[in-house]
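Just so you know, residue 1 is the first one in the sequence shown, and it goes up from there.
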Amino acid sequence: TMLQINGVTLNIVVLFSLIIALGMLVDNGIVVVENIYRHIHMGKDRYQASKDGAAEVAWPITASTLTTIAAFLPMFFWPGIWGSFMIYLPKTVSLALLGSLFVGLVVNPSLASVLMRHRDEKKHAASAGRGHHPILLVYRRILHTALRWRTVTIFASVMTLVVITTLFAMTARMEFTPSTEPRRAYIDIDCPEGTNLETTDQVVRAVEKMVQPYADNLEFLIANVGSRGVDQFSTGSGGQTTHIGRVTLDFPKLEDCTVAPSTVIRELRDSLAEIPGAEIRIEQEQMGPPSGPPVNIEISGDDFAYLASVADEVKALIKDVPGLVDLRDDYDKGKPEVRVRVDREQAWLLGLNTQFIGLVVKTAINGRKAGDYREGDEEYDVTVRFPDYFRKDLTNLYSLNLVNVNGYPVPFSAVARLEQGAGLGSIKRIDRNRTVTVSADVQGATGAEVLDRVRNVMAGYSWPGVNVSYTGENEDMEETQSFLLRAFVIALLLIALVLVTQFNSVIQPTIIMTSVLL
């Protein structure tokens, strides 16, 4: 109910948090009920025993609960999108523990005052004999030995900690977001700028043909030409993006797969490299908050064309790094275009203007609405334009005659000429600096491992006037590690503060705090 009041739904992080809190939820109740039971055997009635037993341990279990909440408290200040994603963890655990404290101090004593039974002396004596249980006897021997060899016990504990930490550091593979078997994968196709829709469609069909052998292991296969489909992170649509396409692979539930989705993706990545005429990359659906690519190199400077050449050099340097796949950059070269250059002075002398010449060219190539055609309730636009053979060769524009304000024909070639060129591409800036980004995915290794290899390859290279930084998933991971380290230190200080307040001592909290490290 408390979670619902705070607007928290039962998502994966909340369920994970409840599992963490599950063992701690009963601790307060156990301590209170056990102490009430002890007071009953001291000869008190159930009401008085419940009252005295709960009061006696109220501050200790409150302090115990507060120390656990203190450990999670700094996580409320986790920055960025990962903080928005993970804030459910401290919120859920804190609410669960506060609820446990309320039940332990208020509900359990009430139940104990009504339901708890008093055992007779014989049964009590029998229960007291539990101190001779084999497990307790073994524990007693271990404790006796540890107290006899106190220095050795402490030294052995510390050395065990050092050995375990060293082994972990030597063998651990760090991964920011662990890879899982995906339910969906995307094959993105990027043909050269200016490629028409028919050519892009041929490449997409070639990709579909490559995917066909895996049809039995797919639930759906969806192809989009001229767009990325309904992906909200795609840019552009329709005629402006005739050079892009996407093939989406929907996998069935994992138990219904004959081949693991990750295996299909790996095999397809090798096969798709054989298709010429386009840049093709395959990406699997990511779980958790969005983060940058495992390898993301931002190249910043003033000259955008120079940055593009540096990006090409960087790609050539790292393309053979083991584990690196789908290498690409975001440099926008601009679309090829045909420009109509109007001689304004000559056009003015001949009774024409740029607006009229531009309108004629647009009508010849794209057409112009001449009227409407109605058929029943339906209405259609009537567009007039030149036939296909004329529009496919734009030099035919030179054969056009333009009628000036006096009604005399003027050859197109007398007032304008055609030029081949490229349209302006987009210029991307990060922190107000022009930036070209080189990015890649990884396969067969963790992102941290592959990034270390990339850094080693690029260690001896530098470019004047260019700043190279490693961002993406690496930046998110470093930010998270830095925050969690600070949060850990703050949590230790908060726990120590609660313990010092509880015991009014420094030595006792120090003894207790060793359990945190060990």
Side-chain angles (χ1 to χ4, degrees), residues 82 167-190 207 210-211 214 217 233 246-247 249 251 254 257 259-276 278-299 310-331 436-462 468-481:
W82 275 91
L167 290 174
F168 175 78
M170 293 173 59
T171 59
R173 300 177 66 200
M174 189 173 297
E175 201 169 6
F176 188 53
T177 50
S179 299
T180 57
E181 292 295 339
R183 285 296 306 274
R184 189 174 289 108
Y186 306 100
I187 304 174
D188 288 339
I189 299 103
D190 288 277
V207 171
M210 287 284 191
V211 177
Y214 303 95
N217 206 53
F233 299 107
R246 165 173 282 184
V247 175
L249 312 178
F251 298 101
L254 193 58
C257 293
V259 181
S262 57
T263 303
V264 174
I265 293 172
R266 184 173 59 253
E267 293 178 357
L268 276 176
R269 181 175 281 120
D270 298 334
S271 302
L272 294 172
E274 302 173 2
I275 299 178
E279 179 182 315
I280 302 174
R281 59 184 180 273
I282 181 169
E283 299 176 358
Q284 69 181 48
E285 188 177 48
Q286 298 293 328
M287 303 301 290
S291 59
V295 177
N296 202 73
I297 307 171
E298 291 180 359
I299 305 167
V310 172
D312 289 336
E313 292 182 39
V314 170
K315 289 196 294 183
L317 284 173
I318 67 175
K319 65 179 181 179
D320 296 324
V321 170
L324 198 72
V325 295
D326 292 338
L327 184 61
R328 59 201 180 268
D329 66 62
D330 65 351
Y331 175 63
V436 175
T437 304
V438 175
S439 57
D441 295 321
V442 299
Q443 178 177 284
T446 64
E449 291 173 337
V450 176
L451 184 60
D452 285 341
R453 297 168 189 169
V454 169
R455 280 178 158 168
N456 292 335
V457 170
M458 295 184 57
Y461 293 89
S462 62
V468 177
S469 58
Y470 301 90
T471 57
E473 184 180 286
N474 174 70
E475 185 178 41
D476 295 335
M477 184 164 62
E478 289 180 349
E479 180 184 5
T480 300
Q481 287 176 333

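Put simply, the side chain of Thr171 gets close to the backbone of Leu167: a donor and an acceptor are under 3.5 Å apart. Remark: the backbone N or O of Gly292 is not paired with any side-chain donor or acceptor of Asn296 at under 3.5 angstrom. Under the 3.5 Å distance criterion, the side-chain polar atoms of Arg453 are matched with a main-chain donor or acceptor of Pro322.
Contact check for Asp190 versus Arg281: side-chain heavy atoms found under the 4.5 Å cut-off. Looking at Asp312 and Asp329, their side chains come closer than 4.5 Å, going by heavy atoms from C-beta outward. With a 4.5 Å cut-off on side-chain heavy atoms, Met458 and Ile297 count as touching. Taking 4.5 Å as the limit, some side-chain heavy atom of Ile187 sits within range of a side-chain heavy atom of Val211. Residues Pro294 and Asn474 fail the side-chain proximity criterion, which asks for heavy atoms closer than 4.5 Å.
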### Task
Could you go through the side chain to side chain contact (heavy atoms under 4.5 Å, CB included) check for Val436 and Val310 one step at a time?
CA-CA 9 Å; Val436 175; Val310 172; over 6 Å; no

### Task
Show the numbers, then the answer: is there a salt bridge (Lys or Arg N to Asp or Glu O under 4.0 Å) between Arg328 and Asp441?
CA-CA 9 Å; Arg328 59 201 180 268; Asp441 295 321; 3.8 Å; yes

### Task
Could you please spell out the steps behind the side chain to side chain contact (heavy atoms under 4.5 Å, CB included) verdict for Asp326 and Arg269?
CA-CA 9 Å; Asp326 292 338; Arg269 181 175 281 120; 3.3 Å; yes

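With rounding to the nearest 0.5 Å, the separation of OG in Ser262 from CD in Glu181 is 3.5 Å. In this structure, Asp330 CG and Ser439 OG are separated by 7.0 Å, a value rounded to the nearest 0.5 Å. In this structure, CZ on Phe251 lies 8.5 Å from CD on Gln284, to the nearest 0.5 angstrom. Asp270 CG to Ile265 CD1: the interatomic distance, rounded to the nearest 0.5 Å, is 12.5 Å. Considering CD of Glu285 and CG of Leu249, their distance stands at 11.5 Å, rounded to 0.5 Å. Distance CD1/Ile280 to CG/Leu272: 5.5 Å, rounded to 0.5 Å.
In this structure, Arg455 forms a cation-pi arrangement with Tyr470, its terminal cationic atom sitting closer than 6.0 Å to the ring centre and no more than 45° off the ring axis. Seen from the ring of Tyr186, Arg246 counts as a face-on cation partner, given the 6.0 Å and 45° thresholds.
Residues Tyr214 and Glu267 bring a donor and an acceptor atom of their side chains to less than 3.5 Å of each other. Thr437 and Glu298 share no side-chain donor-acceptor pair at under 3.5 Å. Using modelled atom types and a 3.5 Å distance limit, the side chains of Gln443 and Arg266 yield no donor-acceptor pair.
Closest of all the heavy-atom pairs between Val457 and Leu317 is CG1-O, 3.6 Å. Taking all atoms of both residues into account, the shortest heavy-atom contact from Pro293 to Ala440 is CB-O, 3.7 Å. Smallest separation of non-hydrogen atoms from Ile299 and Ala311: CD1-CA, 3.7 Å. Minimum heavy-atom separation, Ala445 to Glu449: CB-OE1, 3.5 Å. Residues Val442 and Thr446 come closest through the heavy atom pair CG2-C, 4.4 Å. Counting all heavy atoms, side chain and backbone alike, Asn217 lies closest to Val259 at ND2-O, 2.7 Å.
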